[in-house]
**Student:** 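Can you read through this structure? Questions will come right after.
Indexing begins at 1, ligand by ligand and atom by atom, following the structure's order. Every value quoted in this text rests on a predicted model; they were computed, and no experiment measured them. Side-chain atoms are counted along with the backbone in the values below, which use heavy atoms only and exclude waters and symmetry mates.
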Amino acid sequence: MPATPAWPPSSLPRLYVEAPLAQGAAIQLEAGPANYLANVLRLRAGAEVKLFDDRSGEWLAEVVETGRKKISLAVTAHLRPREPVPDLWLLFAPIKRGRIDWLVEKATELGVARIVPVLTERTVVERLNLERLRAHSIEAAEQCERTALPQLAEPVRIDALLSQWPLERQLYFADESGGPPLASAVQAGPAALLIGPEGGFTDAERSAIGSLKQAQPVSLGPRILRADTAAVAAVSLWMAAAGDWSDAPRRKRDGSIAD
Ligand code: SAM
């Protein structure tokens, strides 16, 4: 007996929309998203897509009308609520353009709640195009089936960050000069991971971080990792130990969630 095909098919196009979604809502898409659905995927009236708005979860919508520069959709069904997001912040000293885009994409896929660029003494990149980074984060969320977008914060200087540190949040700072392995240091509760610049933290920064009661230096192993590698390794270790990887749903071959 052939297996009942998943509904809706996980292969449906999936888009983030700013507009609030609700049963029966009429959604107009223009520019990039409209071009993607109408001209790249060549969707026509009656075709289905999945939408999410970072507030109410994921919805099914049907194409009502396609124009050259815009497309109209009608929301037909609520598929699932906005997922709970593991309470993890990723703080990192900005790195070169291509690699920072990659890092934001990976941090989104891995499930972080907040992404914070931190300006340190040896940070080489000061100016960031947050709009471009947000676009990368949205695209990653569309692909990895997140219904919640990570917050992308404005860059902050490390001294300002430390002076306003929230009491309840543990700060694991990745310190290549040593510390307990992150995997064994992780405790449950709100957390943040701090990754230094390619040139590393200065001694003054290291002692300022170390003087924070919630701060714990941690090691990511014996080798000196590049900053983007260190960030992905650290987030993965935290997600496996205290995040939502242990309760990941079992998926069938067609990508849908198994009963
Ligand atoms: N300062 C270092 C140097 O040039 O000798 C390298 C800095 S490393 C390229 C960039 C950042 O990645 C570090 O500041 C640290 O936060 C993190 N990192 C890299 N390897 C690490 C390790 N083995 N343990 C903990 N953190 C590490």
**Student:** May I ask which of Glu176, Arg122, Arg206 has a heavy atom nearer to atom 13 (C) of ligand 1 than the others do?
**Tutor:** Glu176

**Student:** I'd like to check which ligand 1 atoms, numbered from 1 as shown, lie under 4.0 Å from a non-hydrogen atom of Ile195.
**Tutor:** 12 (O), 16 (O)

**Student:** Might you confirm whether atom CD of Glu65 has over 12 heavy atoms from other residues, nucleotides or ligands at distances under 6.0 Å?
**Tutor:** no

**Student:** Arg169 side chain to Pro190 main-chain N or O, any donor-acceptor pair under 3.5 Å?
**Tutor:** no

**Student:** Any nitrogen or oxygen of Gly221 lying under 3.5 Å from a nitrogen or oxygen in ligand 1? Just yes or no.
**Tutor:** yes

**Student:** Tell me the protein heavy atom at minimum distance from atom 16 (O) of ligand 1, and give that distance in Å.
**Tutor:** Ala174 O, 2.6 Å

**Student:** Considering non-hydrogen atoms of the protein only, which is the closest contact for atom 20 (N) of ligand 1, and what is the distance?
**Tutor:** Leu225 N, 2.9 Å

**Student:** Looking at Phe52, I'd like to know if the NZ or CZ of Arg14 sits under 6.0 Å from its six-membered ring centre while staying within 45 degrees of the ring's axis.
**Tutor:** yes

**Student:** Which of parallel (below 30°), tilted (30 to 60°) and perpendicular (above 60°) describes Trp59 and His78?
**Tutor:** tilted

**Student:** Among all the protein's non-hydrogen atoms, which is closest to atom 11 (C) of ligand 1, and how far away is it?
**Tutor:** Gly196 O, 3.5 Å

**Student:** So which protein heavy atom does atom 24 (N) of ligand 1 come closest to, and at what separation?
**Tutor:** Leu220 N, 2.8 Å

**Student:** Could you see which bit of Pro197 sits under 4.0 Å from ligand 1, with heavy atoms only: side chain, backbone, both or neither?
**Tutor:** backbone

**Student:** Using a 4.0 Å cutoff against the non-hydrogen atoms of Ile224, which atoms of ligand 1 qualify?
**Tutor:** 6 (C), 20 (N)

**Student:** Mind checking whether Pro150 and Ser137 have side chains closer than 4.5 Å, heavy atoms only?
**Tutor:** yes

**Student:** Show me which atoms of ligand 1 lie under 4.0 Å from any heavy atom of Gly199.
**Tutor:** 1 (N)

**Student:** Quick one, Leu103 and Ile195 - any side-chain contact, counting heavy atoms below 4.5 Å?
**Tutor:** no

**Student:** Any idea which atoms of ligand 1 are less than 4.0 Å away from a heavy-atom of Val218?
**Tutor:** 25 (C)

**Student:** List every atom of ligand 1 that sits less than 4.0 Å from any heavy atom of Asp175, numbering the atoms from 1 in the order shown and giving each element.
**Tutor:** 24 (N), 25 (C), 26 (N)

**Student:** Measuring from atom CG of Leu110 to atom CD of Glu105, what distance do you get when rounded to the nearest 0.5 angstrom?
**Tutor:** 10.5 Å

**Student:** When you compare the side chain of Thr202 with that of Arg122, does any pair of heavy atoms fall below 4.5 Å?
**Tutor:** yes

**Student:** Give the residue, atom name and distance (to 0.1 Å) of the protein heavy atom nearest atom 3 (C) of ligand 1.
**Tutor:** Glu198 O, 4.3 Å

**Student:** Using only heavy-atom distances, determine whether the side chains of Glu83 and Thr147 contain a donor-acceptor pair under 3.5 Å.
**Tutor:** yes

**Student:** Give the atom numbers and elements of ligand 1 that come within less than 4.0 Å of a heavy atom of Gly200.
**Tutor:** 1 (N), 7 (C), 14 (O)

**Student:** Answer yes if a protein heavy atom lies under 4.0 Å from atom 26 (N) of ligand 1, otherwise answer no.
**Tutor:** yes

**Student:** Hey, is CZ on Arg55 packed in by over 12 heavy atoms from elsewhere, all under 6.0 Å?
**Tutor:** yes

**Student:** Considering non-hydrogen atoms of the protein only, which is the closest contact for atom 17 (C) of ligand 1, and what is the distance?
**Tutor:** Ala230 CB, 3.6 Å

